[in-house]
A.B. asks: 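Just dropping this structure here.
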Protein chains: 2
Amino acid sequence: MTKDISITEVAKRAGVSIATVSRVFHNRGPVKESTRRKIESIIEETGYTPNQLARELANKKTQLIGLIVHDFTGEGLPRAINGVNQIVEDQGYHVLMTSTRGNLDSELRNFEILRSKRVEGIIFATRSFKKEHQEIIEKLPIPVVVMLQDTTENGISSVFFQNKQFAYDATKALLGMNHRQLAFFGGPSASVNSSHRKDGFIQAFMEAGMTPDDKMVKHGDFSIESGYIQMNKLLALKKPFTALVTINDAVAIGAINCLLDHGMRIPEDVSIIALDKTVVADASRVQLSAVSYSYQDLGIQAAKLLVKQIGSGNKTIEQIKIDYDVHLQDSTQRLNVKE
Amino acid sequence: MTKDISITEVAKRAGVSIATVSRVFHNRGPVKESTRRKIESIIEETGYTPNQLARELANKKTQLIGLIVHDFTGEGLPRAINGVNQIVEDQGYHVLMTSTRGNLDSELRNFEILRSKRVEGIIFATRSFKKEHQEIIEKLPIPVVVMLQDTTENGISSVFFQNKQFAYDATKALLGMNHRQLAFFGGPSASVNSSHRKDGFIQAFMEAGMTPDDKMVKHGDFSIESGYIQMNKLLALKKPFTALVTINDAVAIGAINCLLDHGMRIPEDVSIIALDKTVVADASRVQLSAVSYSYQDLGIQAAKLLVKQIGSGNKTIEQIKIDYDVHLQDSTQRLNVKE
DNA sequence: TTGTAGGCGTTATCAG
DNA sequence: CTGATAACGCCTACAA
């Protein structure tokens, strides 16, 4: 339980001025070898650590970046946060974290709080980007990078997944395997990412000259249980379908479990492709065909972009799209066309 | 892109002294109504936000707590972090987060960094608590709470799960169902928590008057895949067993999938109980019997304890054990004893 | 009701 | 080589 000691105290004990102590501590400027040693030994025995607050006040640099997220759970976000932290620490920055529970007021307040803490930049992850966000960000004297949403139109840099694009690709893959009766299990209808994925699904569908049946497009949340429930409802409709696109792997597993419980087989009876692949996918008894993309990379790119903007001082708007892969494994199968 | 403005600047524009501006901003002390309005309008139009650094320097309070974790991923930790953040923000504190990738040097360095940032307390989550940690913590002028390990013996407050106890209870439950040939799938042998759970398993086993067979105790990691691999190895031994205790639900699912792939049935052929229940458990086709405890609560308790210690200024050593439940569901079954 | 001034712990500039 | 001293932005007596 050593108490914190100030540079003045060290100087006093060494019988020198604080300027000299500072020089010794930072190895800069000339110092006579004997006094240097004297000071060093005092620093050692007192356990002196410079007060970063004072230091930061003096050079107007906090080496802090702020992070605003809904919460810290979920399959992907923690990985993204990890990516952010990794990059940021490598650059000598630290992360001040805040969570908002998705509450708009809380989000806006967090921008204020982080600003008053003089963070040098902010990474903001949100499920839905609103005008209020844009307004507050515009007034901020520091760069902001949005994660998970494309905010290019709002004049703000962002790093995000290509939701519509990969949903389109995945759907095309199913169509290419001769499937024509497709279902889609989305997330909450309020989720922007979910609706973009739905858009991709529908676009591929329509380009194939078909009109999607509203009844085949369901909404739930991102959980395994939700997949199970949605599938139960779908089966109750007694409408034929040969393939399914799900918002993520958890929902796919729920759907698969439900199908298996009804005595159906994957992929013989139904082909399934998931639009997100996390560790949960490993739990599937059928190797899941899925679109995958790296949350870690999402965080890394966001952090790199932010640090770059902090360094260059300019706020040019950049847009970074994270790559994805469509992996076809055992849960999808070519449909034999019966004439 | 409003620039940050200082209190001096506001005072200048309002034609008053900074003391008056301060009074207005904090609503304290008497201020003439007209000058108050004048100042308020200037604060409004300049978007003045007090510089927390300067403020904190002046009152020697940062309202910051530090968090040191291995990384931000995993099933449980993000929930714990969420719990921490929730409590801490409610109390007007903020969290400075650092991750160490399990590297000892990095852990020690993070203590120094956080200290120099003058956080008022630290929450440290680690997989193995070492002497080096103890030494550095003892020298810190601020309270530290360790999460996930019992560090009472090291004279440091901690909040943790009752690993040995619940492993013992779970094993007893199986023994109570007449199972006598038990296997145990642990995590990495270096994991302290894993070895405590193994201890509980072995103790229950020995209390029943039996000696555990080393071959039936396996080590891997915490993943679904690891469960699958360990089960494959176990089956290769061709040793009979009727029940299995796994380090967590993911490993249980891997083991179950492997058993199902070998044409065996759960729980008819093997009863399984997992020593941790997270969202992954939902993916199991057989409702998993498992021990469950709240990671969120772990974080909440740790944060509450830390805030309390910061407030009271004393560093009394406290120990908080998180409660658990043993839920017996469909993956375990009473064994019919054949005479 | 308002202003002055010292202090918080550093950094940095400029004399000695 | 070394030491004053003015910032940095704010708080808080204490004076006026």
Side-chain angles (χ1 to χ4, degrees), chain A residues 2-40 42-43 46-64 92 113 115-120 141-142, chain B residues 2-40 42-43 46-64 112-113 115-120 141-142:
Chain A
T2 332
K3 260 191 65 182
D4 282 330
I5 281 251
S6 76
I7 196 173
T8 322
E9 183 63 25
V10 175
K12 210 173 286 174
R13 299 206 194 184
V16 298
S17 77
I18 61 171
T20 308
V21 176
S22 179
R23 279 189 205 99
V24 170
F25 199 89
H26 299 293
N27 280 315
R28 79 177 140 231
V31 181
K32 207 205 297 176
E33 193 49 32
S34 64
T35 72
R36 137 161 286 124
R37 270 205 294 274
K38 168 104 192 203
I39 292 173
E40 269 167 354
I42 298 207
I43 287 179
T46 54
Y48 165 71
T49 327
N51 183 325
Q52 290 297 328
L53 288 177
R55 191 186 248 245
E56 289 160 5
L57 216 210
N59 15 285
K60 292 171 150 291
K61 289 207 74 190
T62 57
Q63 295 294 108
L64 238 42
I113 291 173
R115 179 187 176 177
S116 73
K117 288 274 189 188
R118 295 300 187 264
V119 299
E120 299 183 33
I142 51 173
Chain B
T2 332
K3 261 192 63 184
D4 281 331
I5 281 255
S6 76
I7 195 174
T8 323
E9 182 64 23
V10 174
K12 209 173 287 174
R13 297 205 196 186
V16 298
S17 78
I18 62 168
T20 309
V21 176
S22 179
R23 279 186 205 104
V24 170
F25 199 88
H26 300 294
N27 279 317
R28 83 177 136 230
V31 180
K32 205 204 299 176
E33 192 50 31
S34 63
T35 71
R36 139 161 283 125
R37 269 205 295 275
K38 169 105 191 201
I39 292 173
E40 270 168 353
I42 297 206
I43 287 180
T46 56
Y48 166 72
T49 328
N51 183 325
Q52 290 297 327
L53 288 177
R55 186 186 250 245
E56 290 159 6
L57 216 209
N59 15 282
K60 294 169 149 293
K61 289 206 74 188
T62 57
Q63 295 295 110
L64 239 41
E112 289 300 348
I113 291 174
R115 178 186 177 178
S116 73
K117 289 272 188 190
R118 295 300 188 264
V119 299
E120 299 183 32
I142 49 173

A.B. asks: I'd like to check the side-chain hydrogen bond (donor to acceptor under 3.5 Å, both in side chains) partners of B/K117; sequence neighbours left out, ordered by chain and number.
C.D. replies: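 Listed in chain order: A/E56.
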A.B. asks: Starting at CG of A/L64, measure out to CG of B/L64 and round the result to the nearest 0.5 Å.
C.D. replies: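 A/L64 atom CG to B/L64 atom CG measures 7.5 Å (nearest 0.5 Å).
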A.B. asks: How far apart are the closest heavy atoms of B/T20 and B/I39, and which atoms are they?
C.D. replies: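 That closest heavy-atom pairing would be CG2-CD1, 3.7 Å.
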A.B. asks: Within this structure, what is the CZ-to-P distance between B/R37 and C/dT1, rounded to whole angstrom?
C.D. replies: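 Interatomic distance, CZ of B/R37 to P of C/dT1: 13 Å.
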A.B. asks: Round to the nearest Å and state the distance from B/N27 atom CG to C/dT1 atom C1'.
C.D. replies: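 Going from B/N27 (CG) to C/dT1 (C1'), I get 16 Å.
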A.B. asks: Compare side-chain N and O positions of A/T20 against OP1 and OP2 of D/dT2 and report whether any pair is under 4.0 Å apart.
C.D. replies: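 So the side-chain polar atoms of A/T20 never come under 4.0 Å of the phosphate oxygens OP1 or OP2 of D/dT2.
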A.B. asks: Taking side chain as C-beta onward, heavy atoms only, is A/L53 less than 4.5 Å from B/R55?
C.D. replies: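 Counting from C-beta outward, A/L53 and B/R55 never come under 4.5 Å.
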A.B. asks: What's the NZ-P distance between A/K12 and D/dT2, to the nearest Å?
C.D. replies: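 Distance, rounded to whole Å: 20 Å.
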A.B. asks: Which letters describe nucleotides 6-16 of chain C, given B = protein heavy atom under 4.0 Å from base, S = only from sugar-phosphate, - = neither?
C.D. replies: -BBBBBS----
A.B. asks: Kindly give the heavy-atom pair with the smallest separation between A/D4 and B/R115, and that separation in Å.
C.D. replies: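 Closest approach of A/D4 to B/R115, heavy atoms only: OD1-NH2, 2.7 Å.
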A.B. asks: Hey, does B/K61 have a side-chain heavy atom less than 4.5 Å from the side chain of B/E120?
C.D. replies: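 With C-beta onward as the side chain, the pair touches.
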